[in-house]
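See structure below.
As the structure is a computational prediction, the values presented were derived from the model and not from experiment. The chains referred to below are lettered A, B, ... by the order of the sequence lines, with proteins before strands, and numbering in each begins at 1.
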Amino acid sequence: MSVRVRFAPSPTGYLHVGGLRTALYNFLFARHYDGKMILRIEDTDRTRFVEGATENLIKYLEWAGINFDEGPHIGGDYGPYIQSERFDLYRKYAMQLIENGKAYYAFDTSEELEEMRKRIQASGGFYRYDRMAMRNQFTLDQQEIKQLIDNGTPYVIRLKVPYDQDVVFEDIIRGTVSVKGNEVDDQILLKSDGFPTYHLANVVDDHLMQISHVIRGEEWLPSTPKHVLLYQAFGWECPAFAHLPLLLNKDKSKLSKRQGDVAVEDYVAKGYFKEAFVNFIALLGWNPTADREIYSLDELIQLFNLEKVNKSGAVFDINKLNWMNAQYLRSKPIDELLEHIIPHLEQIKFNYINKDYLKSVIELFRERIENLYDLPEAVPYMFDKPKSFDEDFIKKHWKEHTTDLVKEYIEAIKKLQDWNYQSSHDFTIQWIEQKGMKLRDIVHPLRIAVTGKSGGAGLFETLALLHKQDVIERLEYFIENVIN
RNA sequence: GGUCCUAUAGACUAAUGGUUAGGUCACCAGCCUUUCACGCUGGCAGUAGGGGUUCGAAUCCCCUUAGGAUCACCA
């Protein structure tokens, strides 16, 4: 059997991190087995439709390196791939179930349903559509039903769940799952607006699109029995199911907006590398080996298998994501880093002097930051004169005689011809040793005066990147305006 | 509340009945060093609890506890 899997989001806004992980696992599985990856848009709820959401979804899936073989944006033999464009299909299949006696009409209003719910709740029973007490095929005769339909009375079509029969199915990740049959509700298949519910559309489409494996989030596990029953009602074979563990907040609840960013686009905007993000997400709930953390997309594809996916939810720990991003920041080619950050700097109108200069600054600081986009905030002094100065560091390293020492130093370097790492370094050592002092007596004062900060890259690497004239100006400014 | 799922350190995980329970993040210490980092070395810390099965259990079974998901004419 050939592998055909799908990612089937609703176009309700942005791509959720959990959605990305689901899409990624589908993608890894498809590519690993040389199968097909399909995108299907589930937009049967017209009230939640968001304009442009589909394009947005595709954009960020592609950002992550997840591409499709079939979908609304590329077509395919099993289209259309947008459920609202398959409208007529679902009614046809719903009617087929009616004819086979597997489903039935129901005419209850939402008020009547609400009443029923209250009644059941009051009696202490569990909720299930009470088919013998409502207005449907069980309580009305054919004449009445025909009349209601002819009169244009709104109706829905419900699945006739066979009571008292346990529903059992196999899940690749969880093993055998069984649910008591008398707990399954007579699920609505076709809504009164003529649109199918998720359950009908999902099953019909997965069947027609010949989906071999349904890989989706654990939140779908409780409704899977309904789907299994639907496949049985149609006389179709079930696809294999694999329910992925949830991505969790710090407090172990399902990853949600309240407790941090959940939209993939937020992480893109913050400057995370796609490789780092995908690597991190892939290892939340699955692990190929015991002693390695960094994997490329190709390696993930090669190693991926559903059997090793964990059963329990995984907390999304931003700490580890940051670490992983830093790993990529250190190992990526410098040109790639430039390509990554320049559009961002231009967008925030940050003056990075020029490309070559920016390149040198990145080389110098890539091991000191975790995210490239942090560069402007981490080392503003590389691009402009410092505006604030670390008071504690000044107190610690600026002694009484330091002002005179630095003044002398300024005069001395004014005469220097060359100004690069080697020359500034060698000159300074020689100069300070002649005075019978240690390098540290001048290094710290220079650092605070030139950068305003207590930490940073090697002082002479830093000074070499800044022009000598600039260094002199900064030192003079510091002595005249800050230290006084 | 019903149903279902889950349970290895603070977090991500490895160990498919036999290991001293391994790795990573975070945290702490030391080394390196002109500062801050990187890096290196070391450290802290775990099988939720209780019963079985077995020569032997993190692993299989049962109970308890805890957490989560879900219960719409939403997906």
At under 4.0 Å between heavy atoms, which parts of nucleotides 57-70 of chain B does protein reach? Answer with one letter per nucleotide, 5' to 3': B base, S sugar-phosphate only, - none. ----------SSSS
B/A37 and B/A29, which share atom name P, separated by this distance in whole Å: 12 Å
Rounded to the nearest 0.5 Å, what's the gap from CD on A/Gln137 to OH on A/Tyr155? Could you check? 11.0 Å
Would you say A/Lys320 reaches B/G23's phosphate, i.e. side-chain N/O to OP1/OP2 under 4.0 Å? no
From the list A/Asp186, A/Thr139, A/Asn136, side-chain hydrogen bond (donor to acceptor under 3.5 Å, both in side chains) with A/Arg131 holds only for A/Asp186
Considering residues at least two apart in sequence or located in another chain, which fulfil the side chain to side chain contact (heavy atoms under 4.5 Å, CB included) criterion with A/Leu303? A/Trp286, A/Pro288, A/Tyr295
Ranking B/A37, B/U34, B/A75 by distance to the side chain of A/Glu367, first place goes to B/A37
For A/Arg117, is there an ion pair with A/Glu114 - N to carboxylate O distance below 4.0 angstrom? yes
From B/C25, B/A14, B/C73, pick the nucleotide closest to the side chain of A/Ile188? B/C73
Side-chain contact check for A/His199: nearest option of B/C73, B/C25, B/A75 is B/A75
On a whole-Å scale, what distance lies between the C1' atoms belonging to B/C61 and B/G1? 28 Å
Length of the CD-P vector between A/Glu461 and B/U33, whole Å: 15 Å
B/G17 and B/G56, which share atom name C1', separated by this distance in whole Å: 8 Å
Check A/Lys226 with A/Asp185, please: is the shortest side-chain N to carboxylate O separation under 4.0 Å? no
Distance between the P atoms of B/U59 and B/G51, in whole angstroms? 13 Å
Is any side-chain N or O of A/Arg330 closer than 4.0 Å to OP1 or OP2 of B/G39? yes
Per A/Trp323 side chain, nearest of listed nucleotides B/C73, B/C25, B/A11: B/C25
Only pairs with both distances under 3.5 Å count, Watson-Crick or wobble alike; so what is the partner of B/U65 in this structure? B/A7
Does A/Lys453 count as lying over the ring of A/Tyr381, i.e. NZ or CZ under 6.0 Å from the six-ring centre, within 45 degrees of the axis? no
Does a side-chain N or O of A/Arg48 approach OP1 or OP2 of B/A72 to a distance below 4.0 Å, or not? no
Examine A/Arg21 relative to A/Tyr25 and say whether NZ or CZ is less than 6.0 Å from the centre of the six-membered ring and inside a 45° cone about the ring axis. yes
Under 3.5 Å on both distances, the Watson-Crick or G-U partner of B/U70: B/G2
Given the C1' atoms of B/C44 and B/A9, what is the spacing between them in whole Å? 10 Å
Look at all strands and tell whether A/Thr12 reaches a base, only sugar-phosphate, or nothing, counting heavy atoms closer than 4.0 Å. nothing
Distance between C1' atoms of B/G49 and B/A66 (Å, rounded): 10 Å
Base-pairing assignment for B/C55 (Watson-Crick or G-U wobble, both under 3.5 Å): B/G18
Short side-chain N/O contact to B/A75 OP1/OP2 from A/Lys191, under 4.0 Å: yes
Consider the side chain of A/Asn319, meaning its heavy atoms from C-beta on, and name the nucleotide among B/U6, B/C25, B/A75 that approaches it most closely. B/C25
Does A/Ile369 or A/Glu293 map to a spot on RNA chain B nearer the 5' end, using the closest nucleotide for each? A/Glu293
Between A/Thr197 and A/Lys191, what is the shortest heavy-atom contact and its length? CG2-CG, 3.7 Å
N or O in side chain of A/Asn322 less than 4.0 angstrom from B/A26 OP1/OP2: no
At less than 3.5 Å, do the side-chain atoms of A/Arg368 and the base atoms of B/C36 form a donor-acceptor pair? yes
In this structure, how many angstroms lie between the P atom of B/A11 and the CG atom of A/Asn249, rounded? 14 Å
RNA chain B nearest-nucleotide lookup for A/Leu439 and A/Leu283: closer to the 5′ end is A/Leu283
Measure up the A/Tyr272 and A/Tyr267 rings against each other and bin them: parallel (under 30°), tilted (30 to 60°), perpendicular (over 60°). tilted
Closest approach to the side chain of A/Asn287, judged atom by atom: which nucleotide of B/A37, B/U13, B/A72 is it? B/U13
Using atom P in both nucleotides, what's the gap between B/U19 and B/U13 to the nearest angstrom? 25 Å
Quick check for you: among B/A7, B/A15, B/C4, whose closest atom lies nearest to any side-chain atom of A/Val179? B/C4
Hey, does A/Arg117 reach any base, or is it just sugar-phosphate, or nothing, if we go heavy atoms under 4.0 Å? sugar-phosphate
CA sep, side-chain torsions, deciding dist, call: A/Asp45, A/Arg48, salt bridge (Lys or Arg N to Asp or Glu O under 4.0 Å): CA-CA 6 Å; A/Asp45 182 1; A/Arg48 291 212 305 172; 3.6 Å; yes
Integer angstrom distance from the P of B/C25 to that of B/C63: 40 Å
Given atom CG of A/Leu39 and atom P of B/A75, what is their separation to the nearest angstrom? 17 Å
Could you check which nucleotide pairs with B/C27 in any of the strands shown, counting Watson-Crick or G-U wobble with both distances under 3.5 Å? B/G43
